[in-house]
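Read through the structure below, which is laid out as structure tokens, and then see the notes.
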Amino acid sequence: MDFFPVYLKLTDASCLVVGGGKIAERKIDLLRRAGARVTVVSPTLIPALRIAKEEGQITHQAMLFSTDALDGHSLIIAATNEEDINRRVALAAKQRNIPVNVVDRPDLCSFIVPSIVDRSPVIIAISTGGASPILARLLKSRLETLIPATYGRLAALARAFRADVHARFSNARDRRIFWEEILQGPTAELVFARRESEARESLKQALSTVDPTPPPRGEVYLVGAGPGDPDLLTFRALRLMQQADIVLYDRLVAPAIVDLVRRDAERLYVGKKKSDHSVPQPDINQLLVELATSGKRVLRLKGGDPFVFGRGGEEIADLVNAKIPFQVIPGITAASGCAAYAGIPLTHRDFAQSCTFVTGHLKDGAIDLNFKSLAQPDQTVIVYMSLTGLEVICQEMCAHGAPPDLPAALIEQGTTAQQRVIVGTLASLPEQVAAANVQAPTLLIIGKVVTLHDSLGWFRPDTENDAVLLPRPESSGQNMT
Ligand code: SAH
């Protein structure tokens, strides 16, 4: 984080703007909206600022900038088109420890002014740290369309009832649940429809009828977090991530996804790297029961889909026995995510009429799979957890009748910026992978559909190591992207 975001209270604070042109005018307008008393130092003023001066909205010192002008001000903005003056203002302000902004010169600023979405009292500030103000403006316009114009009214309503709600609930958690229901339910809709008096009544009614000491309502959300790219979360997953009191996650869940969980929710890492089960499965099941019984809303966040090689069934079986309410939210499983991002359709009219998901987990060096059936033609076989057993799997496939030149691909860290796709055949893939210093998780796709990667592969993130690891041969049919 290059800049620390804060909101300054400027009511009645005296602020200095150096410059009397158009850009200065925009900054003055913002400062005045925040209640600041603005002094402008500039030999001349544009007409709009002259009027503001005549109407007593600003104080004007008609002179060139001198460092004395800074005295008594708590915030400075330099908005002249004289590089030299802007620099002097920045230097003098920094020497006096007064926050200073130089328009369009982040390097001279001690603070920057973000793009804002103003739904007062709700203010959303957007900054790119000076990297690209245009990008910030584009983001702003997206947010403007997403957030109802009356959102500020909703905040004002909440403020008006804040003390009453505080008095009604003795604990913060019940209060939070009450507010979450109000701010996302029919009361909020009434505000958005500009029926504010009805909204007030509805809130009053809710407050008088709510049970101020509800029995603990623990619940478990078993949520699929998808294969890695946070954009592949479902809306429902994201919503429940905002409601949870505690989140239990394992290694497959990307940090960028864990970051999206409500900030003050407790986070509990429960491991699950191969051969590193930091919390054994029975303990996780038990923990879910205990946390929910104590009244917590527990988010169990799992990589991919919880019901595909995710032991989701086992985790909720214990909840059923303990009569704890739960929801299961599907996620994009690694097979779908990796296939889509590698441009390898799992089925195809010409190449594969069926598709089978299996796990390649080795038990005592062997894999207990029905290779006879997997080696049949015209299908796609997806092998989860296949890195260690890759060689055995490819050998067994061939031993059961699959042609050694059957295309196969290993997708490493699919859907993420680190994604790599190693394409070969049953005969060649184990060696290619051994040479490629591959990092888990990886997914194996076997079948003729793999040949489509060459033409349909679209997601090609820059990875620094590409060239070093495996140069892309021109026409061998074996490649890595
Ligand atoms: N429930 C998960 C699977 C858990 S088993 C799901 O539905 O995807 C763990 C295996 O999933 C890994 O060994 C790997 O084979 C696969 N996997 C998960 N995420 C992956 C990713 N981003 N890229 C490649 N394989 C992945």
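Each ligand, and each atom within it, is numbered from 1 in the order the structure gives. These figures come from a predicted structure and were not determined experimentally.
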(message) For the aromatic rings, using the six-membered ring if either is Trp, is the centroid distance between Tyr269 and Tyr249 under 6.0 Å?
(response) yes
(request) Using salt bridge (charged side-chain N to carboxylate O under 4.0 Å, His left out) as the criterion, list what pairs up with Asp378, not counting sequence neighbours. (result) Lys448
Can you give me every donor-acceptor pair (side chain of residues 106-125, partner residue at least two apart or in another chain, under 3.5 Å) with its distance?
from	atom 1	to	atom 2	distance (Å)
Asp107	OD1	Arg105	NE	3.0
Asp107	OD2	Arg105	NH2	2.7
Ser110	OG	Val100	N	2.8
Ser110	OG	Val100	O	3.4
Asp118	OD1	Ser120	N	2.9
Asp118	OD1	Ser120	OG	2.6
Asp118	OD2	Arg33	NH2	3.0
Arg119	NE	Ile147	O	3.4
Arg119	NE	Pro148	O	3.1
Arg119	NH1	Glu144	OE1	2.9
Arg119	NH2	Glu144	O	3.1
Arg119	NH2	Glu144	OE1	3.0
Arg119	NH2	Ile147	O	3.0

(message) With a 4.0 Å cut-off on N to O distance, would you call Arg297 and Glu180 a salt bridge?
(response) yes
Every pair of nitrogen or oxygen atoms between ligand 1 and the protein that is under 3.5 angstrom apart - can you list them with their distances to 0.1 Å?
from	atom 1	to	atom 2	distance (Å)
ligand 1	1 (N)	Gly303	O	3.0
ligand 1	1 (N)	Asp305	O	2.8
ligand 1	1 (N)	Val308	O	2.7
ligand 1	7 (O)	Asp305	N	2.8
ligand 1	7 (O)	Asp305	O	3.4
ligand 1	7 (O)	Thr333	OG1	2.6
ligand 1	8 (O)	Thr333	OG1	3.3
ligand 1	8 (O)	Ala334	N	2.8
ligand 1	13 (O)	Met385	N	3.4
ligand 1	15 (O)	Met385	N	2.8
ligand 1	15 (O)	Thr442	O	2.6
ligand 1	22 (N)	Pro227	O	2.8
ligand 1	22 (N)	Gly414	N	3.4
ligand 1	22 (N)	Gly414	O	3.1
ligand 1	23 (N)	Gly414	N	2.8

(request) Count the heavy atoms of every other residue, nucleotide or ligand shown that sit under 6.0 Å from CD of Gln286, and state whether that count exceeds 12. (result) yes
(message) Going by side-chain hydrogen bond (donor to acceptor under 3.5 Å, both in side chains), name the pairs with one or both residues in residues 148-168, residues two or more places apart or in two chains.
(response) Arg153-Glu196
